[in-house]
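What follows is a single structure, written as structure tokens, with notes after it.
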Amino acid sequence: MLVPITALIKAIRACKTLADERTLIQKESAAIRTSFKEEDSFTRHNNIAKLLYIHMLGYPAHFGQIECLKLVASPRFSDKRLGYLGIMLLLDENQEVLMLVTNSLKNDMNHSNMYAVGLALCTFANISSEEMSRDLCNEIEKLLGSSNTYIRKKAALCAIRVIRRVPELMDHFLEKAKSLLHDRNHGVLLAGVTLVNEMCEVDENVRGEFKNAVPLLVKHLKSLVTTGYSPEHDVGGITDPFLQVKILHLLRHLGQGDAEASEAMNDILAQVATNTDSSKNVGNSILYETVLTILEIESDSGLRVMAINILGKFLGNRDNNIRYVALNTLNKVALSDNAVQRHRDVVLSCLSDGDVSIRRRALELSYALINEQNIRIMMRELLAFLEVADNDFKSGLTTQISLAAERFAPNKRWHIDTALRTLTLAGNYVREEVLSGFIRLVCHTAELQAYTAQRLYQALREDISQESLTLATVWILGEFGDIMLQNGGSIDDGEHVTEIKDSDIVDLFQLVVDSPYANTLIRQWTIMALAKLAIRFAEANTPSASVQQERIREILAGYSEATELEIQQRSVEFGQLFTKPEVVGGVLEHMPAPEIKATIMGTVSEKRKVGSTRADKDSLVDLMGDETSTTGGLTPTSALDHLASAQNTQDLLADIFGSSDMSSSSPAPTQPKPPNAVNDIMSLFGNASISPNPTGSSPAPATSSSLDLLASMASAPAPTPPTTSAPAAAAAGSQPPKQQLQSYTAYEKNGLKITLTPKVNPAQQGMVQILARFTAIGQEGVRNVNFQAAVPKTQQLQMLAMSNGDVTDGSTETQQMRVIAPPGAQVRLRLRISFVKAESGETVQEQVDFAGFPVGLTLGQM
């Protein structure tokens, strides 16, 4: 015998264990399934009520779906109400059973009882699918014109559901939506404003249809603000805050980009901002919506200052939610409004907040507030926060500090001190781009090299656990340790001054390589630095230079049997190199200062290992300082400068070794090749000279480690200089024939075709200019095209920005690329293409490899 629902609830609550509850519900569910076979309407009503309670507890109740449809067909209102409730709980828009509900909804929408109509509309608004929306669209449109406010309100909410499911049916509700904005009933007006908001968000072009409604909305808002106490609509002493927020939201849509509409709403926005009580959350919600509206429309400057001051006041609120939204909103306008600077102290105080979300938003806002005037104050606060920050913050924080110092540093001394402080506080969280930028800065600041070396030496003595600090110190001391000693390097700790000797530096390096914090990268850099110090000490003519040179040889010899092959190889190579005094000075002399350039850090991967100097070979790097991959984000100036630097690489090597054999010119074939430092180095490894490359193949790529100089020289043959025959030389002064440029298809599907057209200059072998053309296939067109490319490590690539990211039918967009490759090498590209189909909105992202250019392209042959 079936029990009533009250008895079932009481029995379930009396269960002492979960197993007892499960057993009871299984028995009751079996009894309900058996009872469904009977046609007793009262029993069905009771069973569905119990089934819904079982469903709310998380147990299966899907077998009651059809019984809910039978209750909906009942003429009794109580049955309909329970049946529709069951449909809303047990069904969703993806189930096929929903097809059987459409006819019942249509009948009840035309019911004489307005509450039955309300049940049908409520059910439709919750579960309607695309097909149901199309079938019942006309019924909804008709009910929007009903004389009953209860029905009009629910019909407006159903219209929102229709627009979300089928946006093209929006035209059916435009005129009715305009009439809803004139309604005097607050519920209908709220639903009507919400409907218009949805229309504006779905299609921006609809905003023009409601421009004339701005004065009406202003009137409604003014009435709400100035109306006294209204018991029916009062919430916390404010009249209908929900309607006020919705009207403000709609005004924000209608005022964007429209100066006339913005002017019409300026006064009422100022009135709302000044008259709304901010002591309660209800008032704060209205103020926040007012601020968003002011900031997004074409408002007056004084009104924008008022809005930012309201957000600044929010920062002093005890509620973390209010502070969070204030920080988030201020971050969006910090770069465009100087008024945000007034609240800098409050923002900085949020860095010590206990809530991690508040700290993160405050930190992002602090980055945006940095400028030339407050750089010293902001850096002092950020460095203080870096000292106590969670590890999750440190990687991004050190990067932002480096970028800000690079951009706004008042002088080089301050810039170096800031970088040193960053390395000292969070050396394990400094990205390799920041480390390389610091080394470039020191190399180009000759007057501060001794000072920097001394500060780094002192910092590393105090803490050898920071990886980036260790790497920076090892590199700087290896290059400029002699300069520090010549300038009388000493440490002043406040009590006494300690002079730095060459033996102290070697002791420190010995401590570094033997410490448990030393990894392979640190040991590689330290071995290279020790080899350089042996030469630096001799050049500086220090008293114990010979003693320290012998110590360094012993340290290097100790790694000749290291388990790490890279370190073992370098140890042996340096040992052999020291036996050639006429060569070692040239190899280990001071490196030329690297090219100074801005650090590019847009989206540096958080997952890259800290301190790693190697990039993933098969991944497309995000253009953060890696020279082998790029997107379209480089400026033309930086791209050309980088290419010029790459062209001069061979000349730089020739200057280092005092040889001209690597230059583009070569001696006559009959003359013997003169000996030079490079040949002497090759003799160490059983190769008396560097022979020219007879096949024209590309030289072997050098490894990415800074210690691979000798190995790359040993394995990479020198490029063969081009020879010019007598007839060719005679014709050199004549006008060359115009090149016939050939295009190669790299991608052709999904509505987009990409062709690559290479162009070479015979006088500049190895440099290929490529023009990428983007054309739409068919009449659909594509939007937001993002074209990325990468080349092998032996080649270099630069790209300019794309002419237009939207490719329409009949238009051709272009993008310039330039590749530098060893003469004779094949130009290979890995392309990543992403775009959005204009008609369907489908996002396409693909990756293809292209190697269709002829092999002789890098030799200047088309």
Side-chain angles (χ1 to χ4, degrees), residues 1-105 107-108 113 115-132 154 157-158 160-161 164-165 281 319-321 355-357:
M1 178 179 178
L2 290 172
V3 297
I5 184 172
T6 54
L8 174 63
I9 294 174
K10 185 176 181 180
I12 291 177
R13 294 183 65 183
C15 293
K16 295 183 178 181
T17 64
L18 186 60
D20 294 341
E21 178 185 298
R22 191 161 45 243
T23 302
L24 176 61
I25 289 179
Q26 287 175 352
K27 291 181 179 180
E28 189 63 28
S29 298
I32 291 174
R33 282 194 294 268
T34 303
S35 179
F36 278 156
K37 299 177 183 179
E38 304 174 1
E39 293 299 328
D40 187 350
S41 59
F42 176 77
T43 305
R44 182 182 295 114
H45 184 281
N46 187 45
N47 288 336
I48 293 297
K50 290 189 292 185
L51 200 60
L52 294 182
Y53 181 74
I54 292 174
H55 172 74
M56 291 170 60
L57 294 177
Y59 294 94
H62 58 278
F63 54 88
Q65 294 172 350
I66 300 299
E67 301 301 318
C68 291
L69 296 178
K70 294 180 181 179
L71 279 182
V72 167
S74 172
R76 297 172 54 188
F77 178 77
S78 59
D79 288 345
K80 285 183 179 293
R81 181 174 59 184
L82 186 61
Y84 279 126
L85 177 60
I87 289 174
M88 286 186 281
L89 290 177
L90 302 180
L91 295 179
D92 58 51
E93 59 180 283
N94 299 318
Q95 296 190 14
E96 297 180 358
V97 183
L98 200 62
M99 298 172 56
L100 304 176
V101 186
T102 303
N103 193 47
S104 298
L105 289 175
N107 293 334
D108 286 335
N113 187 341
Y115 296 109
V117 177
L119 287 175
L121 292 174
C122 185
T123 305
F124 176 89
N126 278 278
I127 65 169
S128 64
S129 61
E130 182 177 342
E131 293 182 2
M132 184 182 291
K154 290 186 175 294
L157 299 177
C158 290
I160 295 174
R161 177 80 176 197
R164 289 176 179 173
R165 291 294 175 270
N281 276 345
D319 191 336
N320 280 352
N321 293 325
D355 191 321
V356 63
S357 300

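Heavy atoms only: backbone and side chains are in, while hydrogens, waters and symmetry mates are out. Residue numbers count from 1 along this sequence. Model, not experiment: these values are computed from the prediction.
Arg33 places no side-chain N or O within donor-acceptor distance of the main-chain N or O of Phe63, the cut-off being under 3.5 Å. Side chain of Asp79 to backbone of Pro75: no donor-acceptor contact under 3.5 angstrom is found. Judged by distance alone, the side chain of Glu67 and the main-chain N or O of Ile48 form no donor-acceptor pair under 3.5 Å. Listed for the Ser35 side chain is no donor-acceptor partner under 3.5 Å among the backbone atoms of Ala31. No donor-acceptor distance shorter than 3.5 angstrom exists from the side chain of Ser74 to the backbone of Lys70, with no hydrogens or angles considered.
Looking only at side-chain heavy atoms (C-beta outward), Thr43 and Phe36 stay at 4.5 Å or farther from each other. A 4.5 Å side-chain heavy-atom check between Asn321 and Asn281 finds every atom pair outside the cut-off. In this structure, the side chains of Leu71 and Lys80 stay at 4.5 Å or more apart for every pair of heavy atoms. Thr123 has its side chain out of reach of Leu85: every pair of non-hydrogen atoms, C-beta onward, lies at least 4.5 Å apart. A 4.5 Å side-chain heavy-atom check between Leu98 and Asp92 finds every atom pair outside the cut-off. Proximity of Gln95 to Gln65: side-chain heavy atoms (C-beta onward) are separated by under 4.5 Å at one or more points. Looking at heavy atoms from C-beta onward, Leu105 lies out of side-chain contact with Leu121 at the 4.5 angstrom threshold.
Here the closest heavy-atom approach between residue Leu24 and residue Cys15 is recorded as CD2-SG, 3.9 Å. Across every non-hydrogen atom of Asn46 and Pro4, the tightest pair is ND2-CA, 3.8 Å. Taking every heavy atom of both residues into account, Glu93 and Ser129 meet most closely at O-CB, 3.5 Å. Nearest heavy-atom pair across Ile87 and Cys68 is CG1-CB, 4.0 Å. Of all heavy-atom pairs between Phe77 and Ala116, the closest is CE1-N, 3.9 Å. Heavy atoms only, all atoms of each residue included: Met88 and Ile127 are closest at CA-CG2, 4.0 Å.
Leu119 CG to Ser104 OG: the interatomic distance, rounded to the nearest 0.5 Å, is 12.5 Å. The distance from the CG atom of Leu51 to the NE2 atom of His62 is 10.0 Å, given to the nearest 0.5 Å. Interatomic distance, CD1 of Ile9 versus OH of Tyr53, reported as 5.0 Å (0.5 Å rounding).
The side-chain contact (heavy atoms from CB on, under 4.5 Å) test with Lys50 is passed by exactly one of Thr6, Ile25, Leu8: Leu8.
Between Glu131 and Arg165 there is no salt bridge, since no side-chain nitrogen of the basic residue lies less than 4.0 Å from a carboxylate oxygen of the acidic one.
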#### Entry: Steps toward side-chain hydrogen bond (donor to acceptor under 3.5 Å, both in side chains) verdict (Tyr59, Glu21)
CA-CA 11 Å; Tyr59 294 94; Glu21 178 185 298; 2.8 Å; yes

#### Entry: Trace of the side chain to side chain contact (heavy atoms under 4.5 Å, CB included) decision for Arg161 with Leu157
CA-CA 7 Å; Arg161 177 80 176 197; Leu157 299 177; over 6 Å; no

### Task
Any chance you could lay out the side-chain hydrogen bond (donor to acceptor under 3.5 Å, both in side chains) test for Thr17 and Asp20, step after step, and finish with the verdict?
CA-CA 5 Å; Thr17 64; Asp20 294 341; 3.0 Å; yes

